[in-house]
Amino acid sequence: MAKTKWIIEPNTLTIYPKRNLRIVGLVFFILFLGLVYFLSTQMNGYSQNTTLTYCGVLLMVPLLLVLMAESKLIFNGTDRKLYRKIGFLPVGSIPFDDIAAVDSYEVYGGGYSYRLFKKSNRHGKGLAVSNGYSKVTDANLIQYQNEVLPKIDELVFANAPIIPKQTIYDFEFFKEEGGVYQLKQQKIGGVIFGLIMIGITVAILLNPNFMADENAFKRILVTYFPLIIGLVFFYMIFSSVKFDKNQQKLIHSTFGGRRVKEYAFNDIIRFQIIRKTTNLIYSGTEVNAEIYLPVKDKMHVMSLKSFMGTKKIDRFLDELNTILGRI
């Protein structure tokens, strides 16, 4: 089943990111139609209006799927605007100058898609400009990358003004001392939560009759799981991340400095932005450093900071790149 559809013209690109829902909607329509017919023969005790209303509501589900399949994005190079439509109905537009990027987006469960991000929320949820793919070798995805992405670059970004990043001197996320920039951490909340978790385990151990009727596995799990969570928080609290401009090294220390790892600035390849979800609900965004380990000839991913919003992520990245001398 073809996933993403598109039409390329000299000055226009039209993308149908959900066209595969057309077939899904039609299948559901046939199934719901059979269900409606069956229910209509069984609802003899109801008025005709009630029966028609109930059947109409049921049929709305597949019809909405078919309607969503006709949603399209029109990149108009003449107006320099992106128009969003469902069928022939316009639902909004975005000026090209407000578009920050069109990037790949990893979704929960390992899925893969492309999304458009606005400058006002560069690291937010974004607007889907392709369907989802389960693997990067999908033929439709490869064709999309070869045909659609270059056209978006041509229409949206080819004539966009280049605004250079400004060097930062007043740091919000780092404390500077003698050319060493230490990442600030909020430790009080972590200390309190860690102590509460450890206290729960202690309280259970002091109560030998707790869950006495349960099997051993359940007792062990309930007793020591809070302890593990508490120790993890203390591990995070007594770790530090420093960027030493004098040595040109990233220094990561854990267990109060008992374990120290150092990475050269030149081995920091890029910063990953990972949007996390729990049960399809947004649960934060992580900024990680992707570091090349020359001795082991492999990549290492190191977590730097978590955000519950996305507004300050660009500022954090600018501070990182200023320290690394990349701005």
Side-chain angles (χ1 to χ4, degrees), residues 1-26 63-107 111-133 136-166 270 273 275 285 309-315 317-318 321 327:
M1 183 190 301
K3 293 192 174 182
T4 309
K5 290 283 189 177
W6 59 86
I7 300 173
I8 296 178
E9 297 174 292
N11 211 32
T12 306
L13 168 65
T14 304
I15 302 176
Y16 298 87
K18 301 176 182 178
R19 182 54 67 87
N20 64 323
L21 289 179
R22 177 188 287 179
I23 297 176
V24 176
L26 289 174
L63 289 175
L64 283 174
L65 288 175
V66 174
L67 187 63
M68 290 299 296
E70 299 307 314
S71 63
K72 57 185 176 182
L73 306 170
I74 304 171
F75 291 83
N76 191 313
T78 303
D79 299 341
R80 287 195 56 78
K81 281 188 177 182
L82 165 64
Y83 295 97
R84 300 169 58 193
K85 292 185 177 181
I86 298 180
F88 60 88
L89 299 174
V91 293
S93 64
I94 304 173
F96 284 179
D97 291 339
D98 291 343
I99 299 174
V102 174
D103 286 336
S104 58
Y105 183 89
E106 185 176 349
V107 297
Y112 190 80
S113 68
Y114 277 90
R115 288 180 179 267
L116 179 148
F117 299 93
K118 298 173 65 176
K119 292 178 180 177
S120 59
N121 195 6
R122 172 65 179 84
H123 304 288
K125 185 178 180 180
L127 172 67
V129 293
S130 80
N131 210 309
Y133 299 91
V136 296
T137 56
D138 189 288
N140 184 251
L141 172 60
I142 295 173
Q143 188 179 4
Y144 180 93
Q145 293 169 330
N146 292 334
E147 297 180 12
V148 176
L149 295 182
K151 189 64 179 180
I152 292 176
D153 287 337
E154 174 192 328
L155 293 174
V156 179
F157 303 113
N159 299 317
I162 299 176
I163 302 175
K165 292 282 188 179
Q166 298 296 316
R270 67 187 183 102
I273 313 299
R275 185 180 176 89
T285 302
T310 58
K311 299 295 185 181
K312 291 191 174 184
I313 292 178
D314 271 336
R315 169 73 185 197
L317 293 174
D318 288 346
N321 286 313
I327 293 182

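What's counted below: heavy atoms across the whole structure, side chains too, no hydrogens, waters or symmetry copies. Residue numbers count from 1 along this sequence.
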**Message:** Going by the rule salt bridge (Lys or Arg N to Asp or Glu O under 4.0 Å), which residues pair with K118 if we only count those two or more places apart in sequence or in a different chain?
**Reply:** none
**Request:** Decide yes or no for T310 and F117: does some side-chain heavy atom of the first lie under 4.5 Å from some side-chain heavy atom of the second?
**Result:** no
**Complete:** Those residues at least two apart in sequence (or on a different chain) that pass salt bridge (Lys or Arg N to Asp or Glu O under 4.0 Å) with D103 are R122
**Item:** Listed partners of N11 passing side-chain hydrogen bond (donor to acceptor under 3.5 Å, both in side chains), at least two apart
**Value:** T78
**Asked** What residues form a salt bridge (Lys or Arg N to Asp or Glu O under 4.0 Å) with K165, not counting sequence neighbours?
**Response** D318
**Request:** Answer whether the closest heavy-atom distance between the side chains of Y144 and D138 falls below 4.5 Å.
**Result:** no
Considering only distance and modelled atom types, tabulate donor-acceptor pairs under 3.5 Å from the side chains of residues 146-157, sequence neighbours left out.
residue: N146; atom: ND2; partner: I142; partner atom: O; Å: 3.2
residue: E147; atom: OE1; partner: W6; partner atom: NE1; Å: 3.0
residue: E147; atom: OE2; partner: Q143; partner atom: NE2; Å: 3.2
residue: K151; atom: NZ; partner: E9; partner atom: O; Å: 3.2
residue: K151; atom: NZ; partner: P10; partner atom: O; Å: 2.9
residue: K151; atom: NZ; partner: E154; partner atom: OE2; Å: 3.2

**Item:** Within residues 76-86 or reaching into it, pairs that qualify as salt bridge (Lys or Arg N to Asp or Glu O under 4.0 Å) - sequence neighbours excluded
**Value:** R80-D97
**Message:** What's the separation between atom OG in S120 and atom NZ in K311, rounded to the nearest 0.5 Å?
**Reply:** 5.5 Å
**Request:** Scan residues 65-76 for pairs that pass side-chain hydrogen bond (donor to acceptor under 3.5 Å, both in side chains), counting only residues two or more places apart or in two chains.
**Result:** R22-E70
**Prompt:** Do N131 and N140 come within less than 4.5 Å of each other through their side chains, counting heavy atoms only?
**Reply:** no
**Message:** For Y114, give me all partners under side-chain hydrogen bond (donor to acceptor under 3.5 Å, both in side chains), at least two apart in sequence or on another chain.
**Reply:** Q145
**Request:** Just jot down the side-chain hydrogen bond (donor to acceptor under 3.5 Å, both in side chains) partners of T137, sequence neighbours excluded, or say none.
**Result:** none
**Request:** Find the distance between CG (L82) and CG (L73) and round it off to the nearest 0.5 Å.
**Result:** 5.5 Å
**Asked** Atom CZ in F75, atom CG in L13: separation rounded to 0.5 Å?
**Response** 6.0 Å
**Message:** Run the side-chain hydrogen bond (donor to acceptor under 3.5 Å, both in side chains) test against D314 and tell me which residues pass, sequence neighbours left out.
**Reply:** H123
**Message:** Given 3.5 Å as the limit, does a donor-acceptor pair link the side chain of S113 with the main chain of S130, or not?
**Reply:** no
**Message:** Minimum heavy-atom separation for V129 and P17, please, with both atom names.
**Reply:** C-CB, 4.1 Å
**Asked** How would you list, by chain and number, every residue that makes a side-chain contact (heavy atoms from CB on, under 4.5 Å) with K119, sequence neighbours excluded?
**Response** A100
